[in-house]
Amino acid sequence: MAFTQLDTQCMALALQLASEGRHTVHANPMVGCVVARAGEIIAQDYHREFGKGHAEANALAQINGKANGATMYVTLEPCSHHGKTPPCAEAVIAAGVTKVIIATLDPNPLVAGTGAQMLKNAGIEVEVGLLENEAKNLNRGFIKRMKTGLPFVTSKIAMSLDGKIAMASGESKWITSEDARVDVHKLRRDNQAILTGSGTVLKDNPNLTARLPENSVTPIRVVIDSGNKITDKNLNVFSDDAETLVINSNNCASAVDGKVDLKAALLKLGKMGINTLLVEAGSGLNGALQQAGLIDEMIIYTAPILLGSDATSMMQLPITEMNNKIKLQISDCRQIGVDMKITASFK
């Protein structure tokens with residue numbers, strides 16, 4: 001299929017609009033919608049808030065539900081089921097749209113191609129795949145949760161040039177610069193939940209909040225507490241700035257070694273509607289998550305300093321042979337202040 005320059009421009013705008021809902025749609029996907037007729041955009045909107053109008057309905061409301069002869073560009077397949085709102089596919093059909101271009105199909109089993117089929121059955125021309133990679137990347141957390149039940153997991157690590165995250169004593173403030181730490185607050189804001197371990201909580205007493213001047217959204221804080229050690233409710237993770245969930249043997253399955261089953265813990269978060277999870281933990285929990293294959297992406301802030309051979313390494317990984325080395329695929333590398341920020345995924 002051949003898409004025109006106007007098609008691409010309209011879908012790019014729809015994706016940009018969709019991203020505006022990042023901090024408010026929660027468990028739902030981010031979706032944008034643009035309606036054009038005779039080469040001109042006549043409506044545009046996005047899914048603004050969880051439980052409220054979807055992108056298609058919001059856009060159609062701008063033109064009183066009348067889109068006869070128009071083409072609709074939507075970043076995700078219109079829904080076909082009754083949820084908190086009526087099916088968007090029905091609204092699109094009723095509006096008189098003649099063509100719908102969809103970036104990517106919805107992996108939600110309640111939709112999964114049925115929305116597009118409803119449109120086709122109503123005589124509407126449907127094309128799928130325009131800027132599909134960009135659309136999938138935007139909703140990578142939602143897509144992964146729909147397919148696996150697990151959130152998309154990003155591990156954030158601040159380390160020295162020699163791969164150390166703390167002194168042997170546990171001292172770790174501050175490895176990276178103020179610029180990098182501000183960037184981390186933005187990273188926190190862009191994830192629905194932050195995961196850490198009880199060891200980090202007891203040693204560092206972190207807040208784990210997104211402290212930005214313009215920020216009004218703070219992710220849920222999640223603590224893995226295998227030994228049921230977290231008893232002091234005056235710790236900073238229990239401040240009123242955000243909700244906190246402690247996962248321990250009382251509320252989650254245990255693995256063979258008696259520790260919290262990490263996959264079960266992440267599935268628990270998935271059932272809560274958590275699409276994106278940021279890990280800010282020590283070398284033990286990070287290593288365990290990696291060995292369990294639960295980390296999708298790593299964001300590593302590397303400071304131009306050396307902490308020495310006695311300092312703590314970034315991950316506890318029992319690798320003894322070169323053949324067992326773990327390969328990463330770097331997708332982005334940029335300077336943040338004096339530090340380097342590397343984004344990488346596991347091959």
Heavy-atom donor-acceptor pair, Q62 side chain to Q44 backbone, under 3.5 Å: yes
OG (S19) and CE (M30) are apart, to the nearest 0.5 Å, by 7.5 Å
Between H47 (side chain only) and G32 (backbone N and O only), is there a donor and an acceptor less than 3.5 Å apart? no
I'd like to know whether CD of E40 has more than 12 heavy-atom contacts from other residues, nucleotides or ligands below 6.0 angstrom. no
Would you indicate whether the side-chain heavy atoms of V97 and V100 approach each other to under 4.5 Å? yes
Where A18 and T75 come nearest, the two heavy atoms and their spacing: CB-OG1, 4.1 Å
So which atom in A288 and which in L262 form the shortest heavy-atom distance, rounded to 0.1 Å? CB-CD1, 3.7 Å
If only atom types and distance count, is the side chain of Q335 paired as donor or acceptor with the main-chain N or O of G337 below 3.5 Å? yes
With side-chain contact (heavy atoms from CB on, under 4.5 Å) as the test, would you mind laying out the steps for I220 and L269 before giving the verdict? CA-CA 10 Å; I220 296 171; L269 298 179; over 6 Å; no
One should read off an interatomic distance between L131 CG and Q9 CD, to the nearest 0.5 angstrom, of 11.0 Å
V260 and S226: which non-hydrogen atoms are nearest, and at how many Å? N-OG, 2.9 Å
Group every Ile, Leu, Val, Met, Phe, Trp and Tyr by side-chain heavy-atom contacts under 4.5 Å, then state whether L195 and L267 land in the same group. yes
If you count every heavy atom of other residues, nucleotides or ligands that lies below 6.0 Å from Q16 atom CD, does the total exceed 12? no
Heavy-atom distance under 4.5 Å between the side chains of L138 and P29, does that happen here? no
Heavy atoms, side chains only, cut-off 4.5 Å: are V184 and E280 in contact? yes
Check whether D204 reaches the backbone of P206 with its side chain - one donor and one acceptor, N or O, closer than 3.5 Å. no
Just wondering, more than 12 heavy atoms not from E178 lying within 6.0 Å of its CD? yes
Once you round to the nearest 0.5 Å, how far does OG1 of T218 lie from NE2 of H185? 10.5 Å
Heavy-atom side-chain proximity of D7 to Y73 below 4.5 angstrom: yes
Do any N or O atoms from the side chain of N251 and from the backbone of N248 form a donor-acceptor pair under 3.5 angstrom? yes
Determine whether F152 and M298 fall in the same hydrophobic cluster, where Ile, Leu, Val, Met, Phe, Trp and Tyr are linked whenever their side-chain heavy atoms lie under 4.5 Å apart. no
When you look at D190 and H23, which way does the side-chain contact (heavy atoms from CB on, under 4.5 Å) test go after all the steps? CA-CA 7 Å; D190 290 344; H23 306 126; 2.7 Å; yes
Does the N236 side chain pair with the main chain of N205, one donor and one acceptor, at a distance under 3.5 Å? yes
The test is side-chain contact (heavy atoms from CB on, under 4.5 Å); show your working for D106 and F142 and say whether it passes. CA-CA 10 Å; D106 191 338; F142 174 78; 3.5 Å; yes
Flag yes if L212 and I299 sit in one hydrophobic cluster, no otherwise; membership is Ile, Leu, Val, Met, Phe, Trp, Tyr, and two members link when side-chain heavy atoms are under 4.5 Å apart. no
With a 4.5 Å heavy-atom cut-off, do T196 and I224 have their side chains touching? no
Any donor and acceptor pair, going by atom type alone, linking the side chain of T98 with main-chain N or O of A70 inside 3.5 Å? yes
Which atoms form the tightest heavy-atom contact between I319 and E321, and what is the distance? CG2-O, 3.6 Å
Calculate, to the nearest 0.5 Å, the distance between atoms CG and CE belonging to L245 and M272 respectively. 5.5 Å
Report the distance from atom CG of L277 to atom NZ of K144, rounding to the nearest 0.5 Å. 9.0 Å
To the nearest 0.5 Å, tell me how far I247 CD1 sits from I230 CD1. 12.5 Å
Closest heavy-atom pair and its distance - E77, T114: OE2-N, 3.3 Å
Between R188 and T209 (side chain of the first, backbone of the second, donor and acceptor by atom type, cut-off under 3.5 Å), is there such a pair? yes
Is there a donor-acceptor pair under 3.5 Å between the side chain of Q192 and the backbone N or O of N275? yes
For the residue pair R221 / S239, report whether a side-chain donor-acceptor contact shorter than 3.5 Å exists. yes
Test side chain to side chain contact (heavy atoms under 4.5 Å, CB included), reference L130, set T4, L15, T8, output is T8
With side chain to side chain contact (heavy atoms under 4.5 Å, CB included) as the test, pick out the partner of Y301 among I157, L187, I342, D179. L187
Contact between I274 and R145 at the side-chain level, heavy atoms closer than 4.5 Å - yes or no? no
Flag yes if more than 12 heavy atoms outside K263 fall under 6.0 Å of its NZ atom; otherwise flag no. no
Co-membership, hydrophobic cluster, residues I124 and L105, 4.5 Å side-chain: yes
V153 backbone acceptor or donor facing D296 side chain under 3.5 Å: yes
Does any part of the side chain of C33, heavy atoms only, come nearer than 4.5 Å to the side chain of H54, both counted from C-beta? no
Checking side-chain polar atoms at under 3.5 Å, does Q290 have a donor or acceptor matched by the opposite partner on N286? no
Can you find a heavy atom in the side chain of S283 that is under 4.5 Å from one in the side chain of S313? no
Mind listing the closest non-hydrogen atom pair of T104 and A135 along with its distance? CG2-CB, 3.9 Å
Donor on one side chain, acceptor on other, D339 and T176, under 3.5 Å: no
Transitively linked via ILVMFWY side-chain contacts under 4.5 Å: I165 with I305? no
List the steps and the verdict of side-chain contact (heavy atoms from CB on, under 4.5 Å) for M315 and I295. CA-CA 12 Å; M315 276 189 180; I295 298 177; 3.9 Å; yes
